[in-house]
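Right, one structure below, let's go through it.
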Amino acid sequence: MAEGSERKPEEIRQEVYSQLVWDTRVNASDIDVEVKDGKVILKGLVPSYLDVWEAEDDAYAIEGVRYVENRLKVSPPPHFPVPGDPEIASKVRSLLEWNPNIDARGIDISVDRGLVTLMGTVESIWQKHSAGRIAEDVAGVVGVNNEISVEPSVAVTDEDIRTDIIGTLVRNSFIDAGMVNVHVKHCVVTLSGTVHDYYAYRTAEEISRSTQGVKDVNNNLVIA
């Protein structure tokens with residue numbers, strides 16, 4: 001997109017909807033798309049919780065989209081045999097225990113009418129994030145509250161975390177590290193500044209999550 005140019009909201013809206021229709025992972029039949037000042041609002045119903053985040057990724061993939069407000073709700077099809085809460089909890093527990101990259105011994109799971117709450121502790125923020133994504137993909141889940149606490153096994157100072165993240169951003173060819181601000185307090189990372197696209201936005205967040213000692217990440221980057 002040429003500097004200083006702005007795409008028309010209707011043009012963005014049509015491309016977002018076309019992207020949703022193209023994506024065979026997403027049932028877009030009951031999704032409404034609104035666009036205002038580069039912000040996309042997704043509303044309507046989808047059959048699974050995973051559809052909620054896949055639809056958001058599709059919207060961010062369109063040029064000119066700066067932010068996505070995701071209001072999608074989960075409504076399983078009438079013919080779908082919705083699992084009960086105990087079955088959902090058992091499935092989430094099994095998937096976490098089978099995953100060799102997650103120490104599930106410290107994770108507690110509760111389910112209330114399809115809403116999964118994850119509690120307990122893990123050693124890294126990426127384990128917390130992975131546990132949440134695993135729960136999102138289980139049939140019958142309508143939402144996930146990820147309240148897992150991160151307790152790193154190795155103590156790392158805020159300055160060491162910041163230095164590690166900045167060094168990795170500089171090495172990444174998809175990110176203009178000079179446009180990204182990294183603030184760390186009590187091992188919680190806050191990213192601010194601007195990036196050119198959604199891929200850079202997500203990459204900066206993943207770099208922060210993968211850095212040793214990080215307990216949480218607030219991604220306040222703006223796509224411009």
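Numbers for residues simply follow the sequence, beginning at 1.
The closest donor-acceptor contact from the side chain of S210 to the backbone of E206 lies under 3.5 Å. D158 places a side-chain N or O within 3.5 Å of a backbone atom of H186 that can act as its donor or acceptor partner. When atom types are taken as modelled, the side chain of T157 and the backbone of D160 share a donor-acceptor pair closer than 3.5 angstrom.
Contact annotation: the side chain of E205 approaches that of R209 to within less than 4.5 Å [non-hydrogen atoms, C-beta and beyond]. A 4.5 Å side-chain heavy-atom check between I134 and I102 finds at least one atom pair inside the cut-off. Looking only at side-chain heavy atoms (C-beta outward), M119 and S110 come within less than 4.5 Å of each other. At a threshold of 4.5 Å between non-hydrogen side-chain atoms, the residues V180 and V195 count as touching. Under the 4.5 Å side-chain criterion, counting only non-hydrogen atoms from C-beta, D103 is not in contact with V122. For the pair D216 and V189, the minimum side-chain heavy-atom distance is 4.5 Å or more. Using a 4.5 Å heavy-atom threshold, the side chains of L42 and D32 count as separate. At least one side-chain heavy atom of N70 sits less than 4.5 Å from a side-chain heavy atom of V52.
Separation of atoms CD (Q19) and CG (D57) is listed at 10.0 Å; rounding is to 0.5 Å. Taken from NZ in K73 to OG in S75, the straight-line distance is 12.0 Å, to the nearest 0.5 Å. Atoms OG and CD1, on S149 and I125 in that order, are 10.0 Å from each other to the nearest 0.5 Å. Here W53 contributes atom CH2 and D58 contributes atom CG; the two are 13.5 Å apart, rounded to the nearest 0.5 Å. Atom CG of N181 and atom CG of L221 lie 8.5 Å apart (nearest 0.5 Å). Between the CG atom in L96 and the CD1 atom in I107 there is a gap of 5.0 Å [rounded to 0.5 Å].
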Just list the side-chain donor-acceptor pairs under 3.5 Å for residues 162-178, sequence neighbours left out, or say none.
residue	atom	partner	partner atom	Å
R162	NE	V182	O	3.0
T163	OG1	E159	O	2.9
T163	OG1	E159	OE2	3.4
T168	OG1	D164	O	2.9
T168	OG1	R171	NH2	3.1
R171	NH1	G167	O	3.4
N172	OD1	F174	N	2.9
D176	OD1	G178	N	3.3

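Nearest approach of G213 to V156, heavy atoms of both residues: CA-CG2, 4.0 Å. Nearest heavy-atom pair across R7 and I62 is NH1-CG2, 3.8 Å. Taking each heavy atom of P83 and A139 in turn, the nearest pair found is CG-O, 3.6 Å. Across A55 and V26, no two heavy atoms sit closer than the pair N-CG2, 4.0 Å. The two residues V150 and K215 have their closest heavy-atom pair at CG2-O, 3.4 Å. Pairing each heavy atom of V111 with each of V116, the nearest pair is CG2-CG2, 4.0 Å.
In the hydrophobic cluster analysis, where Ile, Leu, Val, Met, Phe, Trp and Tyr join through side-chain heavy atoms closer than 4.5 angstrom, L50 is grouped apart from Y60. By the criterion of side-chain heavy atoms lying less than 4.5 angstrom apart, applied directly or through intervening Ile, Leu, Val, Met, Phe, Trp or Tyr residues, Y67 is grouped together with I31 in one hydrophobic cluster. Both V68 and Y17 belong to a common hydrophobic cluster when Ile, Leu, Val, Met, Phe, Trp and Tyr are linked at side-chain heavy-atom distances under 4.5 angstrom.
Defined by atom type and a distance below 3.5 Å, a donor-acceptor pair is missing between the side-chain atoms of E123 and Q127.
Summarising the local packing, CZ of R113 is surrounded by 12 or fewer heavy atoms from other residues, nucleotides or ligands at distances under 6.0 Å.
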Query raised in the report: Could you walk me through whether L118 and D108 pass the side chain to side chain contact (heavy atoms under 4.5 Å, CB included) check?
Result: CA-CA 6 Å; L118 301 176; D108 299 316; over 6 Å; no
Report task. Go through the steps to decide whether V141 and I88 satisfy the test side chain to side chain contact (heavy atoms under 4.5 Å, CB included), and finish with yes or no. Result -> CA-CA 7 Å; V141 171; I88 293 173; 3.7 Å; yes
Requested in this report: Before giving the answer on side chain to side chain contact (heavy atoms under 4.5 Å, CB included), spell out for Y49 and V144 the whole-Å C-alpha distance, their side-chain angles and the decisive distance to 0.1 Å.
Outcome: CA-CA 9 Å; Y49 194 57; V144 175; 3.8 Å; yes
Query raised in the report: Going through the checks in order, is the side chain to side chain contact (heavy atoms under 4.5 Å, CB included) test met by L45 and L72?
Result: CA-CA 6 Å; L45 303 175; L72 293 172; over 6 Å; no
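Ring geometry for Y198 versus Y201: interplanar angle under 30°, hence parallel rather than tilted (30 to 60°).
Taking 4.0 Å as the cut-off between side-chain N and carboxylate O, E34 and K43 count as a salt-bridged pair. Salt-bridge annotation for D37 and K39: absent, with no side-chain N of the basic residue lying under 4.0 Å from a carboxylate O of the acidic one.
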